[in-house]
Amino acid sequence: MQKENSQDLSILRHSASHILAQAVKRLFSKAKLGIGPPIKDGFYYDFDIDGELLSQNLPRIEEEMRKIVKEDFPFKKEKISKSEAERIFKEREEPYKLELLKEIEDDMVTLYSQGDFVDLCRGPHLQSTGKVKFFTLLSVAGAYWKGKEGNPMLSRIYGTAFFTQEDLQQHLKMLEEAKKRDHRRIGKDMDLFTISPQSGAGLAIYYPRGAMLRDILENFEKKEHLKRGYQLVWTPHISRAHLWEKSGHLDFYRENMYLFSTDKEEYVIKPMNCPGHILIYKSKIRSYRDLPLRFFELGTVYRREESGVLHGLLRLRGFTQDDAHIFCAPSQVVEEVRGVIRFVLFMMNTFKLGYRVTLSTRPAKYIGSLASWDRAIEALKDALKEENLNFEIALGEGAFYGPKIDIQMEDALGRLWQGPTIQVDFNLPERFDLTYVAPNGEKKRVVMIHRVVLGTIERFLAVLIEHLGGNFPLWLSPIQVRILTVTEKEASYAQDIYQEMISEEVRAELDTKNEMLGYKVREAELDRIPYMVILGKEEAKRKVLTVRERKGNNLKNITLGSFLQMLKDKVKHRE
RNA sequence: GCCGACGUAGCUCAAAGGUAGAGCAGCUGAUUCGUAAUCAGCAGGUUGUAGGUUCAAAUCCUAUCGUCGGCUCCA
């Protein structure tokens with residue numbers, strides 16, 4: 001039933017996109033048609049036209065669409081020969097449709113028409129334009145023809161459509177809600193971080209609360225890595241360009257790298273941590289008995305990203321990977337990858353995040369031999385299968401040095417962001433001649449696995465903020481408790497409680513402002529503080545606390561000792 | 001990088017060529033209050049930046065930086 005519904009919905013939306021195209025052609029006869037498919041949450045149509053005109057005229061276009069709906073044209077399907085279709089679109093001066101026709105291998109094609117509007121389309125559609133009742137246009141954006149940089153930039157109009165007014169309303173409401181969860185909004189509200197034009201686009205600055213949050217995450221990461229046999233390492237932020245020449249990055253990754261020269265030499269600000277970890281591996285002769293070696297670093301890297309792609313903490317130019325490189329024998333690869341997969345799943349479960357797994361294969365631009373690529377892909381597949389994970393294959397989406405498993409996480413608008421990734425690399429060990437001594441005394445080639453389990457601290461924080469709407473569980477909350485006094489008379493008792501708490505390593509704040517309690521409660525709620533401790537005449541007299549939970553429940557007559565114990569238990573179990 | 005929109009006080013937003021304004025936050029004072037906004041006063045801005053048009057620019061033009069929505073790219 002559900003599935004049928006979503007199929008019907010995409011037919012509806014496809015029809016809506018044709019109505020949109022007809023409306024635009026009516027208003028702007030010079031507009032050339034691109035394509036107009038239904039998508040996950042609606043539909044779009046691409047036009048080659050002055051984009052400014054469209055954004056100003058969105059209301060007019062929508063009005064025209066409603067007229068077309070009223071006119072109730074039937075959607076007519078017609079099967080004709082390709083040459084006949086070519087004649088029609090030539091006459092109608094639709095160069096993009098002609099280009100699409102050329103790529104169709106069949107001799108026959110289908111056209112759909114409504115009124116005087118004709119489109120090359122596989123269909124299906126609803127019976128008539130009158131069936132499309134509840135829709136709205138949302139935005140205008142640029143989009144390259146066929147999604148290829150270098151192709152002409154078309155103007156894309158996005159919209160959405162539903163079968164009922166209620167569904168439409170609900171969807172629009174959901175978009176509003178998502179906006180409220182936007183990590184940039186919450187980051188500002190909760191005083192966590194900023195990206196200041198003064199320091200530069202794509203570079204985040206953490207305020208005390210944001211820095212606290214990072215620190216909690218980072219400490220958690222370090223502990224979990226140590227538990228799994230990783231060793232902490234640290235490598236410098238800049239290094240000689242020479243190193244990056246050897247790794248191949250200067251050839252394959254140059255446009256994303258920040259380079260600078262000192263008087264004598266060129267240097268690179270690291271965009272990745274692997275070359276540094278390789279130097280650590282190479283610092284001595286390694287035995288098969290040492291393997292696998294797992295080097296972990298919260299490595300801050302900088303990449304020159306195109307200005308248009310920057311997006312809060314989700315897409316930055318400077319970010320910190322929870323990066324590790326595992327050096328192992330070829331026979332250990334599957335087991336090591338399995339271990340990383342389990343680690344990733346542990347993380348996703350800990351934070352209760354949804355995810356999607358893909359296996360990315362060899363891209364057009366790559367280094368290393370075909371045979372080693374095939375071997376690496378097999379190893380990743382085996383590990384995924386043995387962990388019983390569902391995954392999709394993304395052809396040609398691998399890194400230039402090896403195939404990878406990507407785990408994507410969802411943000412508040414349902415957009416997917418790459419987080420954890422696991423990449424097998426047979427190539428860098430070759431380039432740097434990384435070996436170990438086998439039992440028979442022979443030198444053997446080591447295999448390298450690059451992997452991150454959260455991805456980056458920044459992006460992960462962003463996804464987490466949106467996932468939780470800023471309501472961090474106690475163990476993650478930068479501020480765990482705020483102490484509120486009812487009147488100024490309780491200031492000294494509150495001060496004592498506060499001192500006790502911070503000495504017990506509770507992240508507490510004291511609010512003795514001369515304001516009414518309602519005001520302070522409201523502020524603490526807006527700051528999403530998990531626990532408020534309310535101290536008035538009663539509490540001071542009886543030396544107890546009243547605790548208000550974030551949701552509004554009250555716990556009365558609690559002693560400081562039992563409250564501290566409760567906090568400790570919850571932190572321990574990450575509730 | 002490309003297409004489009006936008007940039008006004010710490011924040012949210014007014015002011016459509018003619019003296020930049022409000023709410024919240026901040027500060028001072030009053031109030032001493034029991035679970036999502038107590039009252040009053042004060043202060044706060046070379047309208048992102050740099051040029052230009054004009055008697056006069058937040059407003060019009062150009063460039064530039066940045067932000068937002070996409071495309072492309074990616075952790």
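Note on naming: letters A, B, ... go to the chains in the order of the sequence lines (proteins, then strands), and numbering restarts at 1 for each one. What you are looking at is a predicted structure, and each value in this text was computed from that prediction instead of being measured.
- Looking at A/Tyr144, its side chain comes within 3.5 Å of the base of B/G1 through a donor and an acceptor atom.
- Projected onto RNA chain B by closest heavy-atom contact, A/Leu154 and A/Arg315 fall at different nucleotides, the more 5' of which corresponds to A/Leu154.
- A/Asn557 and A/Arg542 are linked by a side-chain donor-acceptor pair at a separation below 3.5 angstrom, with hydrogens and angles left out of the test.
- No contact: A/Asp189 has no heavy atom under 4.0 Å from any strand.
- Using a 4.0 Å cut-off, some side-chain N or O of A/Lys188 falls inside it from OP1 or OP2 of B/U12.
- Look at A/Arg548 and you'll find a side-chain N or O under 4.0 angstrom from OP1 or OP2 of B/A36.
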- Task: Test ring pair (Phe, Tyr, Trp, His ring centres under 6.0 Å) on A/Tyr158 and A/Tyr44 and set out the steps.
- Result: CA-CA 4 Å; A/Tyr158 283 95; A/Tyr44 67 80; 5.7 Å; yes
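- B/G70 has no stacking from A/Tyr158 on its base ring, since the centres under 5.5 angstrom apart and planes within 30 degrees of parallel are not both found.
- Within the 4.0 angstrom heavy-atom criterion, base atoms lie near A/Val309.
- Of the P atoms belonging to B/A57 and B/G18, the separation is 11 Å, rounded to the nearest Å.
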- Kindly indicate, with the supporting measurements, whether the criterion side chain to side chain contact (heavy atoms under 4.5 Å, CB included) is fulfilled by A/Ile61 and A/Val24. CA-CA 6 Å; A/Ile61 295 168; A/Val24 170; 4.0 Å; yes
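- The residue among A/Asp406 and A/Arg156 whose nearest nucleotide of RNA chain B lies closer to the 5′ end is A/Arg156.
- Using a 4.0 Å heavy-atom distance criterion, A/Leu454 is classed as making no nucleic acid contact.
- Relative orientation of the A/Phe351 and A/Phe220 rings is perpendicular, given thresholds of 30° and 60° on the angle between their planes.
- One finds no side-chain N or O of A/Arg184 lying less than 4.0 angstrom from the OP1 or OP2 phosphate oxygen of B/U67.
- Note on A/Arg304: a side-chain N or O is less than 4.0 Å away from OP1 or OP2 of B/G1.
- At least one test fails for A/Arg317 against the ring of A/Tyr302: distance under 6.0 Å to the centre or angle within 45° of the axis.
- At the phosphate of B/A75, neither OP1 nor OP2 sits under 4.0 Å from any side-chain N or O atom of A/Arg317.
- Residue A/Leu316 is classed as a base contact, given a heavy-atom separation below 4.0 Å to a base.
- Heavy atoms of A/Gly518 sit under 4.0 angstrom from primed sugar atoms or phosphate atoms, though from no base atom.
- For the C1' atom pair drawn from B/U38 and B/G44, the interatomic distance equals 23 Å after rounding to whole Å.
- If you check every strand for non-hydrogen atoms under 4.0 Å, A/Glu538 touches a base.
- The CG-P distance, from A/Asp527 to B/A25, rounds to 13 Å in whole Å.
- The side chain of A/Pro197 has B/G66 as its nearest neighbour among B/G66, B/U35, B/U72.
- With A/Glu94 as the partner, the salt bridge (Lys or Arg N to Asp or Glu O under 4.0 Å) test is satisfied by one option alone out of A/Lys25, A/Lys32, A/Lys30: A/Lys25.
- Straight-line distance between the P atoms of B/C55 and B/U46: roughly 27 Å, to the nearest whole Å.
- A cation-pi contact, defined as under 6.0 Å to the ring centre and within 45° of the axis, links A/Arg228 to A/Phe346.
- Base contact: A/Gly536 has a heavy atom under 4.0 Å from a base atom.
- B/G4 and B/C42 have their P atoms separated by 48 Å, given to the nearest Å.
- Which of B/C74, B/C2, B/G34 sits closest to the side chain of A/Arg459 comes down to B/C74.
- Looking at heavy-atom distances under 4.0 Å, A/Glu523 makes no contact with the nucleic acid at all.
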- Query: When you look at A/Ile341 and A/Leu384, which way does the side chain to side chain contact (heavy atoms under 4.5 Å, CB included) test go after all the steps?
  - Reply: CA-CA 8 Å; A/Ile341 291 173; A/Leu384 282 170; 3.9 Å; yes
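- For A/Glu297, the salt bridge (Lys or Arg N to Asp or Glu O under 4.0 Å) partners are A/Lys270, not counting sequence neighbours.
- Residue A/Phe343 holds its CZ atom at 6.0 Å from CZ of A/Arg451, rounded to the nearest 0.5 Å.
- No donor-acceptor pair closer than 3.5 Å links the side chain of A/Arg550 to the backbone N or O of A/Ala524.
- Nucleotides B/G7 and B/U49 are separated by 11 Å at their C1' atoms, to the nearest Å.
- If you take CG of A/Leu298 and P of B/A75, they are 18 Å apart, rounded to a whole angstrom.
- The side chain of A/Glu149 has B/U72 as its nearest neighbour among B/C33, B/U72, B/A75.
- In this structure, A/Lys404 reaches the B/A75 phosphate: one of its side-chain N or O atoms is under 4.0 Å from OP1 or OP2.
- Among the atoms of the strands shown, only primed sugar atoms or phosphate atoms (P, OP1, OP2) are found under 4.0 Å from some heavy atom of A/Arg185.
- Listed pair A/Thr421 / B/A75 fails the phosphate criterion, with no side-chain N or O lying under 4.0 Å from OP1 or OP2.
- Between B/G52 and B/A56, the distance separating the two C1' atoms is 15 Å to the nearest Å.
- In the set B/G34, B/C71, B/G1, the nucleotide with an atom closest to the side chain of A/Ser307 is B/G1.
- Straight-line distance between the P atoms of B/U72 and B/G66: roughly 23 Å, to the nearest whole Å.
- Between B/C65 and B/G45, the two P atoms lie 28 Å apart (nearest whole Å).
- At least one donor-acceptor pair closer than 3.5 Å links the side chain of A/Thr361 to the backbone N or O of A/Gly396.
- Within residues 343-354 of chain A, no residue has a heavy atom under 4.0 Å from RNA chain B.
- Rounded to whole angstrom, the span from the CD atom of A/Glu515 across to the C1' atom of B/G29 amounts to 13 Å.
- Within the nucleic acid shown, A/Tyr519 comes within 4.0 Å of sugar-phosphate atoms alone, with no base atom in reach, counting heavy atoms only.
- Using a cut-off of 4.0 Å between Lys/Arg side-chain N and Asp/Glu carboxylate O, A/Lys180 and A/Glu177 are scored as salt-bridged.
- For A/Glu539 and B/G34, a side-chain-to-base donor-acceptor distance below 3.5 Å is present, hydrogens and geometry of angles not being considered.
- Neither OP1 nor OP2 of B/U67 sits under 4.0 Å from any side-chain N or O of A/His311.
- Consecutive Watson-Crick or G-U pairs involving RNA chain B, each under 3.5 Å on both distances, make up stems of three or more pairs at B:1-7 with B:65-71, B:10-13 with B:21-24, B:26-30 with B:38-42, B:48-52 with B:60-64.
- Using a 4.0 Å heavy-atom criterion, one finds that A/Gln418 contacts the sugar-phosphate atoms exclusively.
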